[in-house]
Amino acid sequence: MIKKLMLAVAALVASTSFAFAQVDVNKADAAALDGVKGVGPSMSKAILDERAKGEFKDWSDLQGRVKGMGDKKAAKLSEAGLVVNGKAKEGAAAKPAAKGDKAAAKPAEAKAAS
């Protein structure tokens, strides 16, 4: 029983690491871009069309060339794993803690108590 439980936990951990794999806009194909949460077929097409004109230098270049990609959208895509030349967007928030993470819950409880 314990072995099965440990195997299930190991499989869950392994699958979550694949879900947050980084996708570089200068190397990814349409399927990889569509796999990033927040990127749909129209945005991936826009990214690929602009990339055909030349690779993206940085996040500001990507945002300037792809219609509909403002600061908030870029930050969310960066959090979801999208990178430009291997770099995440500066100022993008860290991934939120899991609901069951007690260490992250304690500061919130302390704020509520004060």
Side-chain angles (χ1 to χ4, degrees):
M1 179 70 178
I2 294 291
K3 287 182 180 180
K4 288 182 181 180
L5 181 60
M6 294 299 283
L7 182 61
V9 169
L12 179 64
V13 169
S15 67
T16 57
S17 66
F18 292 122
F20 296 112
Q22 292 184 344
V23 177
D24 195 318
V25 294
N26 287 321
K27 298 175 185 168
D29 60 3
L33 290 170
D34 286 343
V36 175
K37 183 178 179 182
V39 177
S42 61
M43 182 167 284
S44 63
K45 182 180 181 329
I47 290 170
L48 294 174
D49 289 347
E50 284 299 320
R51 188 176 75 194
K53 299 173 186 174
E55 287 194 350
F56 299 103
K57 297 174 192 164
D58 53 24
W59 277 95
S60 61
D61 185 31
L62 175 66
Q63 288 179 252
R65 291 169 51 189
V66 177
K67 185 178 179 180
M69 180 145 348
D71 284 334
K72 287 183 180 181
K73 181 73 169 181
K76 286 183 180 182
L77 294 177
S78 180
E79 291 170 19
L82 193 67
V83 295
V84 179
N85 293 325
K87 295 181 182 177
K89 178 158 175 58
E90 291 182 20
K95 291 179 185 163
K99 290 181 182 179
D101 189 358
K102 293 179 183 178
K106 286 183 182 180
E109 291 170 6
K111 287 181 185 177
S114 53

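Keep in mind that the numbers below use all heavy atoms, side chains included, and drop hydrogens, waters and symmetry copies.
- No donor-acceptor pair under 3.5 Å is formed between the side chain of Asn85 and the backbone N or O of Asn26.
- The minimum heavy-atom distance linking Glu55 with Arg65 is given by the pair O-NH1, 3.3 Å.
- Lys89 places a side-chain heavy atom less than 4.5 Å from the side chain of Asp71.
- Nearest heavy-atom pair across Leu77 and Gly38 is CD2-C, 3.7 Å.
- How far NZ of Lys37 is from CG of Leu82: 14.5 Å, rounded to the nearest 0.5 Å.
- Distance check, rounded to the nearest 0.5 Å: CD of Glu50 to NZ of Lys45 gives 10.5 Å.
- Remark: the backbone N or O of Lys87 is paired with a side-chain donor or acceptor of Trp59 at under 3.5 angstrom.
- In this structure, CG in Asp49 is found 13.5 Å from NZ in Lys67, a value given to the nearest 0.5 Å.
- The main-chain N or O of Val84 is never found under 3.5 Å from a side-chain atom of Asp24 such that the two would form a donor-acceptor pair.
- Ser78 places no side-chain N or O within 3.5 Å of a backbone atom of Ala74 that could act as its donor or acceptor partner.
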**Request:** Check the pair Val23, Val83 against side chain to side chain contact (heavy atoms under 4.5 Å, CB included), reporting the backbone distance first and the verdict last.
**Result:** CA-CA 6 Å; Val23 177; Val83 295; over 6 Å; no
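- Side-chain contact between Arg51 and Val25 is absent, with no heavy atoms from C-beta onward closer than 4.5 Å.
- Nearest heavy atom pair, residue Ser44 against residue Leu33, reads CB-CB, 3.7 Å.
- Between Lys73 and Met43, the closest side-chain pair of non-hydrogen atoms falls below 4.5 Å.
- Taking every heavy atom of both residues into account, Ala32 and Ala28 meet most closely at CB-CB, 3.8 Å.
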